[in-house]
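Below you'll find the structure, written out as structure tokens, and then a few comments.
Basis for what follows: all heavy atoms, side chains included, without hydrogens, waters or symmetry-related copies.
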Amino acid sequence: MYLGKNIQYLRKQKKITQEQLAEEMAVSRQTVSKWETDEIVPELNKLVALSAFFSCRLDTLVRENLADCDDIYSEVTIKKVSGFRMARYVMVTPNPEDDVNRYMDNWASRSGLLAACPEARRIGWDFPYVPLELQNRFGLKGYVAAYVLPEGFQTDCPGVEYANQVDADYAVITVYRPFEAAARRIPGAYKKIMEYLQANGFKEKPQTDILSCFEYVYQKNGMTCMDVSIHVDSVSRTESFTNFSFV
């Protein structure tokens, strides 16, 4: 159990003293000190209050070593993403992310996009509309890849759908070396944002002309990084931290 270490770690992340946390929790400073050294365990109502104060799931607070995340995730920040035009394509295959990324890279080359704008950004997100029968019987999954088009870019190259994204606010986290443990680190990034937003899933009806979430992979200082962005108004907020579902 990492409860004491996590309380101390999260307190320091918030840059507050034991006295300040004690005041928030309506306990003495000595009690906070004993929490942090695992001399005593907070009562259930205090654990719930701590998880809410630190925007953290209760099971995460108790069981996970949060200090280990420092070299994997950045802090969550809110950023305004200016509207853009994109060219996108979806594939439903057993390995859709790699397949559709290759397809869009080929399209970006054939269309002249990469010649006109070598730094054009390719983003992607899960395509959630694959029937369960196809998922279970054939292992099919869906993924969308899109290139953000620079202003004024025109092409007659077929094979994509064009769409517009309007200005929107996103909660963003960076995952460092995401593919070293992709099955854990990438879902973990979504989980951290949802906890930050105090949300338990995406709304049933996404907003028109706004992506609910997307990922952007790039290299920085020789390291692979992934920015995960979730639209702050596309999630279902809750006062609890349970039943997280990522669509």
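Checked by atom type, the side-chain pair R102/N106 shows no donor-acceptor distance below 3.5 Å. Y218 and E119 share no donor-acceptor pair across their side chains, judged by distance under 3.5 Å alone. Under the 3.5 Å distance criterion, with hydrogens and angles disregarded, no donor-acceptor pair is assigned to the side chains of S82 and D167. No side-chain N or O of S234 forms a donor-acceptor pair with one of Q207 less than 3.5 Å apart.
L140 and L132 sit in two unconnected hydrophobic clusters of ILVMFWY residues. Membership requires side-chain heavy atoms under 4.5 Å apart, directly or through other members. Connection of V90 to V148 is established within a shared hydrophobic cluster, with ILVMFWY side chains joined at heavy-atom distances below 4.5 Å, either directly or through further cluster members.
A salt bridge links R177 with E180: the closest approach of a Lys/Arg side-chain nitrogen to an acidic carboxylate oxygen falls below 4.0 angstrom. Ion pairing between a basic and an acidic side chain is recognised when a charged N comes within 4.0 Å of a carboxylate O; D169 and K79 show no such pairing. Contact check on E24 versus K14 returns no salt bridge, with no Lys/Arg side-chain nitrogen under 4.0 Å from an Asp/Glu carboxylate oxygen.
Rounded to the nearest 0.5 Å, atoms CD (Q20) and NZ (K15) are 12.5 Å apart. T31 OG1 to E36 CD: the interatomic distance, rounded to the nearest 0.5 Å, is 11.5 Å. Atom-to-atom distance recorded for T174:OG1 and Y176:OH is 5.0 Å, nearest 0.5 angstrom. Note that CZ of R57 and CD of E195 are 6.5 Å apart. Values are rounded to the nearest 0.5 Å. For the atom pair N6 CG and R11 CZ, the distance stands at 13.0 Å (nearest 0.5 Å). One finds the OH atom of Y196 at 10.5 Å from the CD1 atom of I173 (value rounded to the nearest 0.5 Å).
Cation-pi geometry between R121 and Y216 is satisfied (NZ or CZ under 6.0 Å from the ring centre, within 45° of the ring normal).
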Do E64 and K191 pass the salt bridge (charged side-chain N to carboxylate O under 4.0 Å, His left out) test, and can you show the C-alpha distance, the side-chain angles, and the key distance before you say yes or no?
CA-CA 13 Å; E64 296 183 17; K191 175 182 173 182; 2.9 Å; yes

- [ ] Starting from the C-alpha separation in whole Å, work towards a yes-or-no answer on side-chain hydrogen bond (donor to acceptor under 3.5 Å, both in side chains) for N200 and S236.
- [x] CA-CA 6 Å; N200 70 341; S236 301; 4.6 Å; no

*Decide yes or no on side-chain hydrogen bond (donor to acceptor under 3.5 Å, both in side chains) for D98 and N95, but give the supporting numbers first.*
CA-CA 6 Å; D98 289 342; N95 191 27; 3.1 Å; yes

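By the 4.5 Å heavy-atom criterion applied to side chains, Y2 and V62 are not counted as neighbours. Contact annotation: the side chain of W107 never approaches that of L114 to less than 4.5 Å [non-hydrogen atoms, C-beta and beyond].
When ring centroids are compared, Y143 and F127 stay outside the 6.0 Å threshold.
A 6.0 Å sphere centred on CD of Q30 holds more than 12 heavy atoms belonging to other residues, nucleotides or ligands.
Y170 and H231 have tilted rings, their planes meeting at an angle from 30° to 60° on a 0 to 90° scale.
Of all heavy-atom pairs between A182 and P187, the closest is O-CD, 3.2 Å.
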